[in-house]
2 protein chains.
Amino acid sequence: MSMRLQDVSETAPLRSCTHEYKVNCETCRLSKVCLPLAINHQDLEQLENIIQRSKPLQKNELLYHEGTPFQSIYAVRSGAVKGYRTTSDGREQVTGFYFPGEILGMDGISNNSHASSARALETSAICAIPFDSLERLSASMPSLQRHLFQLMSREITEDQLLITLLSKNSADERVATLLLSIASRNARRNLSASQFRLPMSRVDIGNYLGLTVETISRVFSRMQKNGILCVDNKEIEILDQEALQLAANIAN
Amino acid sequence: MSMRLQDVSETAPLRSCTHEYKVNCETCRLSKVCLPLAINHQDLEQLENIIQRSKPLQKNELLYHEGTPFQSIYAVRSGAVKGYRTTSDGREQVTGFYFPGEILGMDGISNNSHASSARALETSAICAIPFDSLERLSASMPSLQRHLFQLMSREITEDQLLITLLSKNSADERVATLLLSIASRNARRNLSASQFRLPMSRVDIGNYLGLTVETISRVFSRMQKNGILCVDNKEIEILDQEALQLAANIAN
DNA sequence: GCCGATTCTTGATCTGCATCATGGCCGCGG
DNA sequence: CCGCGGCCATGATGCAGATCAAGAATCGGC
């Protein structure tokens, strides 16, 4: 079996003079996705100085756990992460999937403790950004402050989209919408929008979309039969983008 | 018919020397709910100077509409507001209810245009807080900056709770959870947690909870029959707090 | 205080997805 | 190579809540 695409780091090679885990936003291919700041070289340096990068997370390793003290927000460099919260009866609710260039962990700010948990779906490299440093820095960098507000605001609007999806849409519409979302996020990183590997299991997809595994399977099968998708286990190919859009667009 | 409770302003009487619409956070009974800042007198004065208050909104009047330019976030002083977004097929999805002391409109920051709409559920007094001023002010007031981050973070965690509710809970559990949420928010304002008037219609409740009007009616009737609630149109009395909690707590 | 419009309730029926059950497939360790 | 465990697919059945329908209650305007 061939090497898994997602295991390849999507960051630029580190220059030889830098330490192995030294972060370098300036040369990071994701910087314009992750921190599209119109900030100058000096500001960027300041920002880099506070960012920490640790050993890559292995599949299924925990990034943070609900209830633990909040210290950092996290940027995905490579791999994929799922966010979830545990209900009082012990079940889990997946609240989001995070791909390279995306930021997670901001729900911990309000209580100084994480309101959700995050777990690597595959081997993933993660940047940790200590929030107190970020806060201090943003007080003197208006564009950074604004960027943080915008990041959080986007999280809110995305949650609202999911709320709408869960409350108004059928199984087919939910699945189609998720696939299109993943496709467009791939496109943003200059990856194929029509062919990709799902890093998460059917169980996670169902959980996220408020459906059972069986339903996810059936929807995939049906869409394959209808020539919309080609599904080979986790490998997805969108054969008929328009039909998929049509299947999703009933209500968003 | 007696005067409607919700029409009474919940703000402290304005002192005679202030202009009619002059805002005064310092004497506002809601200030510790709305802006629980450990900030000094001088800071508070600066904040007050940017806050605008206009003529109260009448029932069904629009506070802002999705797609329009974002300028301010809003604090409810009295009355109640619903937030919603319109789906592509013209239906609406209610994303939240906002009571006195609560802040809304933060989803507009990311795009500089409102991602949702807001409408008064009854006559409501609203404070508008221009966001660019707030941003500038918060750069020099760490506690204000932090408070804003926390406000937005709380919005995220609350949306995640709603996502879980919609994805995992039965009709009874959803309704029970909403009633308990309203009750506890009333308590925070020193109002009765066991007896209150719902400012929104059954349609809005159903829409918010991803259920139909008929289902809401049936759940209310059932809970009334079981001695958990006393329902008289929009007037709600919680007769058995514990049973209601039990009905809600299956999964949160 | 009357009347039309809207909102709410209740019943009967229908349906999309959950649940239950089973078997296949793939990856991995021995 | 085989056997085991996790993941996935698919069929049969059941049920919570949607939909359809018809009154009843409440509201708002005059």
Side-chain angles (χ1 to χ4, degrees), chain A residues 1-4 7 58-60 82 91 93-94 121-123 165-176 197-226 229-236 247 250-251, chain B residues 1-4 6-7 58-61 82 91-94 119 121-123 165-176 197-226 229-236 247 250-251:
Chain A
M1 154 134 281
S2 68
M3 184 176 65
R4 286 202 262 154
D7 287 344
Q58 293 305 307
K59 178 171 174 168
N60 286 327
K82 76 167 169 181
R91 289 179 300 170
Q93 171 65 45
V94 174
L121 290 167
E122 54 194 19
T123 306
L165 196 69
L166 290 174
S167 152
K168 294 248 184 310
N169 295 113
S170 69
D172 287 34
E173 289 159 5
R174 296 184 207 183
V175 173
R197 184 173 203 283
L198 296 173
M200 71 294 276
S201 70
R202 303 281 195 270
V203 176
D204 285 335
I205 295 177
N207 192 319
Y208 176 68
L209 296 175
L211 300 166
T212 58
V213 209
E214 293 95 323
T215 300
I216 304 299
S217 257
R218 280 186 245 271
V219 172
F220 278 165
S221 299
R222 206 177 312 144
M223 288 184 170
Q224 170 138 267
K225 195 157 56 187
N226 296 345
L229 297 181
C230 179
V231 183
D232 175 19
N233 199 11
K234 308 209 158 186
E235 216 63 57
I236 298 282
I250 306 294
Chain B
M1 153 132 285
S2 68
M3 185 174 65
R4 287 203 262 154
Q6 269 68 11
D7 286 344
Q58 293 305 305
K59 179 173 171 164
N60 286 327
E61 275 188 313
K82 75 167 170 182
R91 290 179 300 171
E92 99 183 25
Q93 171 66 44
V94 175
R119 192 181 290 276
L121 290 167
E122 55 193 19
T123 306
L165 196 68
L166 291 174
S167 155
K168 293 249 184 311
N169 295 113
S170 69
D172 286 34
E173 289 160 3
R174 297 185 206 182
V175 172
R197 185 175 202 283
L198 295 172
M200 72 295 277
S201 70
R202 301 283 194 270
V203 177
D204 285 334
I205 295 176
N207 192 319
Y208 176 70
L209 295 176
L211 300 167
T212 57
V213 210
E214 293 95 322
T215 300
I216 304 298
S217 255
R218 280 187 246 272
V219 172
F220 277 165
S221 298
R222 206 177 312 145
M223 288 184 171
Q224 170 137 268
K225 196 156 54 186
N226 295 344
L229 297 181
C230 179
V231 183
D232 175 19
N233 199 13
K234 308 210 158 185
E235 216 63 57
I236 298 282
I250 306 294

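Numbers restart at 1 for each chain; the letters A, B, ... are given by sequence-line order, proteins then strands. Keep in mind that this is a model prediction, so the values were computed, not measured.
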| request: May I have the step-by-step check of side-chain contact (heavy atoms from CB on, under 4.5 Å) for B:E92 and B:V94, ending in yes or no? | output: CA-CA 6 Å; B:E92 99 183 25; B:V94 175; 4.0 Å; yes

| task | Would you check, one step at a time, whether the test side-chain contact (heavy atoms from CB on, under 4.5 Å) holds for B:T215 with B:L209? | result | CA-CA 10 Å; B:T215 300; B:L209 295 176; over 6 Å; no

| field | B:R174 vs B:I205, side-chain contact (heavy atoms from CB on, under 4.5 Å): CA-CA, chis, key distance, verdict | value | CA-CA 10 Å; B:R174 297 185 206 182; B:I205 295 176; over 6 Å; no

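Annotation: salt bridge (Lys or Arg N to Asp or Glu O under 4.0 Å) contacts involving residues 205-217 of chain B, sequence neighbours excluded, are absent.
Following rounding to the nearest Å, B:L165 (CG) and D:dG17 (C1') show an atom-to-atom distance of 15 Å. We find that CE of B:M223 is positioned 18 Å from C1' of C:dT10, with the value rounded to whole Å. Between B:R222 atom CZ and C:dT9 atom P the separation is 13 Å, expressed in whole Å. One atom, CG of B:D232, and another, P of D:dA25, lie 12 Å apart when rounded to the nearest Å. The distance between atom CG of B:N60 and atom C1' of C:dA5, rounded to the nearest whole Å, is 14 Å. Rounding to whole angstrom units, CG of residue A:L166 and P of D:dG17 are separated by 15 Å. With rounding to whole Å, B:L211 atom CG is found 15 Å from C:dC8 atom P. Atom P of nucleotide C:dA18 and atom CG of B:N169 are separated by 14 Å, given to the nearest angstrom.
For A:S170, the side chain to side chain contact (heavy atoms under 4.5 Å, CB included) partners two or more places apart in sequence, or in a different chain, are A:D172, A:E173. A search for side chain to side chain contact (heavy atoms under 4.5 Å, CB included) contacts involving B:S217 returns nothing, not counting sequence neighbours. Residues satisfying the side chain to side chain contact (heavy atoms under 4.5 Å, CB included) test with A:V231, not counting sequence neighbours, are A:R202, A:F220, A:Q224, A:L229, A:I236.
Side-chain N/O atoms of A:T212 include none lying less than 4.0 angstrom from OP1 or OP2 on C:dC17.
One axis for each end of the helix from C:dG1-D:dC30 to C:dG30-D:dC1, each built from five base pairs, and the angle between them comes to 50° at 10° resolution.
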| task | Treat primed atoms plus P, OP1 and OP2 as sugar-phosphate and everything else as base, then score nucleotides 3-10 of chain D 5' to 3': B for base contact with protein heavy atoms under 4.0 Å, S for sugar-phosphate contact only, - for none. | result | -----SBB

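No engagement by B:G206 is indicated, since no non-hydrogen atom pair under 4.0 Å with the nucleic acid exists.
No salt bridge links A:E122 with A:K234; every basic N to acidic carboxylate O contact stays at or beyond 4.0 Å.
At least one side-chain heavy atom of A:Q93 sits less than 4.5 Å from a side-chain heavy atom of B:K168.
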